[in-house]
Number of protein chains: 2
Amino acid sequence: MEDVARAAGVSRATVSRVINGVRNVNPAIQETVRQAIAATGYVPNQAARSLVTRRTGSVALVVSGAGVEGEENPFPNQVFADPFFGRVAGGVVGYLRPLGVHPVLLFAETDAARAEVVDYLRQGKADGAILVSTHGEDPLPKLLVDGGLPAVLFARPPEPLPISYVDVAHRTGAKLAADHLVARGCHHVATISGPLDVLAAQDRLAGFRDAMAMLGHPYIPCVEGAFTLDSGEAAMERLLAEHPDVDGVFSANDLMAQGALQALRRHGRRVPDDVAMVGFDDSSAALACRPPLTTIRHPVEDMAAELARLLLAQIEQPDRRVTSVIFEPTLVVRESA
Amino acid sequence: MEDVARAAGVSRATVSRVINGVRNVNPAIQETVRQAIAATGYVPNQAARSLVTRRTGSVALVVSGAGVEGEENPFPNQVFADPFFGRVAGGVVGYLRPLGVHPVLLFAETDAARAEVVDYLRQGKADGAILVSTHGEDPLPKLLVDGGLPAVLFARPPEPLPISYVDVAHRTGAKLAADHLVARGCHHVATISGPLDVLAAQDRLAGFRDAMAMLGHPYIPCVEGAFTLDSGEAAMERLLAEHPDVDGVFSANDLMAQGALQALRRHGRRVPDDVAMVGFDDSSAALACRPPLTTIRHPVEDMAAELARLLLAQIEQPDRRVTSVIFEPTLVVRESA
DNA sequence: AGCAGTCTGGAGAGCGCTCTCCGATATGCT
DNA sequence: AGCATATCGGAGAGCGCTCTCCAGACTGCT
């Protein structure tokens with residue numbers, strides 16, 4: 001930087017001002033400085049910059065609760081198996097990149113890892129954290145809030161916490177599914193729920209039952225799944241065994257719907273003629289299904305982008321009031337219902 | 001840090017030595033310092049540390065060539081749709097985390113983005129880069145090498161470049177598939193290749209044809225796919241139309257095999273009885289197939305870990321000789337063949 | 001006991017930047 | 001012309017750490 005200043009015949013301060021576009025600098029001098037920068041091939045040092053600005057220009061993208069507690073898991077990869085996380089990452093990057101902010105990938109499936117995340121932020125390696133929890137009882141949000149560290153959440157925290165988050169209107173989505181199944185003429189409707197310790201799963205189930213009740217169907221059989229392909233297949237098997245006359249199913253996510261479809265095929269049930277199937281998420285699994293899955297789409301990318309925006313705002317002014325933004329899902333009609 | 005030093009009655013230098021475990025420090029003093037650290041709740045500032053060590057403790061995990069060149073793509077998410085990338089990320093994190101190194105997620109699908117990656121490293125925001133290219137003509141590796149920036153590659157670069165990489169023995173994998181199909185008694189074997197501008201696709205095709213020739217099958221029909229589900233389905237359609245007697249197929253990746261399986265089902269061909277199918281990658285798609293896919297597994301996580309190791313070595317001693325590590329794939333027999 | 005050699009803690013100089021002051025120059029007003 | 005006011009560049013003090021150098025204490029040898 002000294003070199004640039006010398007080459008341009010100005011002081012370091014002026015070079016700094018040109019680079020950061022702060023205050024007015026004579027356009028002629030600005031041009032001289034730029035040329036000097038180009039000539040010397042100067043690139044500012046991020047560490048030095050961070051040291052004084054107390055900003056790193058990066059945020060932690062934390063996937064929490066990814067593995068089994070206490071289990072040795074050298075390769076925390078199953079997170080990515082669900083394309084959902086990829087969409088989140090895409091949305092976050094889409095928003096942050098134009099601002100020159102970069103996400104650091106962090107996994108926090110054990111208590112030790114969670115402590116590391118807190119340290120990571122404490123040490124100023126990132127300015128804040130975007131949390132994507134895969135299960136309900138994640139202690140990390142509270143740790144972060146208690147530590148006064150800027151953080152935001154994908155999905156509403158199970159216990160009330162002064163933290164900003166985005167979420168989807170699960171109940172509205174479930175209602176969309178209910179309306180569609182009933183409009184199709186389904187009379188024996190059942191549902192495959194997600195793990196009921198997850199808030200989203202609860203909301204989807206409750207929303208579905210409420211909507212169905214409103215439509216004159218007070219009793220909706222339900223089998224609990226685990227948001228996985230296999231659990232969906234197993235749930236459908238049970239549904240078929242216990243309620244052979246089922247002609248419409250709402251699955252709390254696409255992956256389970258895909259599994260359910262496989263079970264239906266094995267039992268010779270045609271979809272959608274014999275049994276109609278509606279999923280949730282509009283993940284890539286929905287397109288991989290045969291027939292392609294009718295599903296509830298939430299704007300994950302937009303939600304993730306909004307989440308990134310909330311975090312940046314929080315970093316900018318830490319004593320800011322927390323907010324939540326709820327997105328409305330939409331029904332995507334394909335062939336399965 | 002000053003506070004810690006005062007609290008422990010030592011100098012800053014000693015505190016630093018205790019924290020970094022460098023040189024011998026009197027165990028008694030060490031203990032005092034540790035207690036002082038705990039008492040003051042001190043956390044070292046990463047920026048200050050980086051400023052002098054010229055190390056950030058983070059590496060860039062770059063997904064290159066993720067989107068369509070020149071196309072506006074605010075959400076670069078389709079990368080994650082392929083679970084392969086998730087396994088890479090898992091492997092990298094698995095190796096780096098115990099060393100306190102963290103990966104920063106970077107996308108480089110446009111020239112502008114590629115320049116940003118180079119700048120990112122130049123500015124010292126990361127110590128090096130792990131590149132995962134999705135297509136052959138990626139100019140980024142060369143940019144990095146020319147810039148003298150530490151970088152390593154997943155998969156062999158199309159043009160020779162002084163850069164370390166890991167790869168899988170594609171030909172060996174293809175041979176495994178050929179042996180298996182022939183051993184099953186297939187007589188009319190065809191293959192669905194990947195996009196032939198990708199080296200891996202070329203190798204898998206050539207390896208398969210060579211192995212089949214060695215087994216007495218000199219002519220192997222091939223349809224080129226694009227490593228996607230749909231392209232696999234379309235390729236199988238064409239294969240079925242042009243070679244109705246086909247009874248064994250080697251697909252250059254699992255996703256295409258999954259698509260091919262759907263086409264076969266639609267045509268009423270039983271798998272594996274009428275047509276046997278072997279995929280490549282052992283991705284999660286292989287398990288989602290019905291029947292589950294026999295496929296060639298490469299140890300992606302191990303490869304990614306090794307790649308991370310190579311990068312760290314390179315960062316440690318920049319003038320180090322470049323190396324390549326080739327991993328042997330294995331055959332995973334499931335039900336499709 | 002005396003000396004070279006080894007070990008350990010402290011002092012202090014930066015690392016490369018930003019940003020607050022300050023002073024110098026240009027501008028607008030009476 | 002003379003003053004107050006706005007504008008813009010420079011000087012220099014840190015930001016929080018690491019690490020080299022140095023001095024003092026201690027060891028083992030003759």
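Here the structure is a predicted model, which is why all the values come from computation and not from measurement. Naming convention: chains lettered A, B, ... in sequence-line order (proteins, then strands); numbering from 1 in each chain.
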S.K.: Whole angstrom is fine here: how far is it from CD in B:Gln123 over to C1' in C:dG16?
M.R.: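 Rounded to whole Å, this separation is 13 Å.
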S.K.: What integer distance in Å separates A:Leu51:CG from D:dA13:C1'?
M.R.: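 In whole Å, D:dA13 C1' lies 13 Å from A:Leu51 CG.
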S.K.: Nearest 0.5 Å, what's the CD1-CD distance between A:Ile19 and A:Gln30?
M.R.: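 The CD atom of A:Gln30 is 11.5 Å from CD1 of A:Ile19, to the nearest 0.5 Å.
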S.K.: Taking the side chain of B:Ser11 as its heavy atoms from C-beta onward, which of D:dA11, D:dT18, C:dG10 lies nearest to it?
M.R.: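 Nearest listed nucleotide: C:dG10.
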S.K.: On the nucleotide D:dC15, are OP1 or OP2 found under 4.0 Å from the side-chain N or O atoms that B:Asn45 carries?
M.R.: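 The answer is no; no side-chain N or O of B:Asn45 sits under 4.0 Å from OP1 or OP2.
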S.K.: Can you tell me how far P of D:dC19 sits from CG of B:Asn20, to the nearest Å?
M.R.: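 That distance rounds to 7 Å.
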S.K.: Verify the contact: side-chain N or O of A:Arg54 to OP1 or OP2 of D:dG16, cut-off strictly under 4.0 Å; return yes or no.
M.R.: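 For D:dG16, OP1 or OP2 has a side-chain N or O of A:Arg54 closer than 4.0 Å.
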S.K.: Respond yes when some side-chain nitrogen or oxygen of A:Thr14 is under 4.0 Å from OP1 or OP2 of D:dG10, and no when none is.
M.R.: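 True: A:Thr14 side-chain N/O within range (under 4.0 Å) of D:dG10 OP1/OP2.
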S.K.: What I want to find out is whether A:Asp119 reaches A:Arg122 closely enough, with some N-O distance under 4.0 Å, to be called a salt bridge.
M.R.: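 A:Arg122 and A:Asp119: not salt-bridged.
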S.K.: When the distance from CZ of B:Arg122 to P of C:dC17 is rounded to whole Å, what number comes out?
M.R.: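 Value for this atom pair: 14 Å.
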S.K.: Reckon A:Val43 touches a base, only the sugar-phosphate, or nothing at all at heavy-atom distances under 4.0 Å?
M.R.: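 Sugar-phosphate contact only.
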S.K.: Between the side-chain atoms of B:Arg12 and the base atoms of C:dG9, is any donor-acceptor pair under 3.5 Å?
M.R.: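 Result: no qualifying N/O pair found.
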S.K.: From C-beta outward on A:Arg49, which listed nucleotide comes closest to its side chain: C:dG10, C:dC17, D:dG10?
M.R.: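 Closest of the options to the side chain of A:Arg49: C:dC17.
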S.K.: Does a nitrogen or oxygen in the side chain of B:Ser16 sit under 4.0 Å from OP1 or OP2 of D:dT18?
M.R.: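 Yes, because at least one side-chain N or O of B:Ser16 sits under 4.0 Å from OP1 or OP2 of D:dT18.
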S.K.: Could you tell me whether the side chain of B:Val10 reaches within less than 4.5 Å of the side chain of B:Arg17, counting heavy atoms only?
M.R.: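 The answer is no; the side chains never approach within 4.5 Å.
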S.K.: Looking at B:Arg17 and C:dG10, is any side-chain donor or acceptor paired with a base atom of the opposite kind under 3.5 Å?
M.R.: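 Counting by modelled atom types and ignoring angles, a donor-acceptor contact under 3.5 Å is found here.
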S.K.: Keeping the roles fixed (side chain from A:Arg97, backbone from B:Phe107), state whether a donor-acceptor pair exists under 3.5 Å.
M.R.: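 Looks like yes, one N/O pair under 3.5 Å.
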S.K.: Closest-nucleotide mapping onto DNA chain C: is B:Asn26 or A:Tyr42 further toward the 5' terminus? I mean the 5' end.
M.R.: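 The residue whose closest nucleotide sits nearer the 5' end is B:Asn26.
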S.K.: Nearest 0.5 Å please: distance from the CZ atom of B:Arg309 over to the CG atom of B:Leu99.
M.R.: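 Taking CZ in B:Arg309 and CG in B:Leu99, the distance rounds to 11.0 Å.
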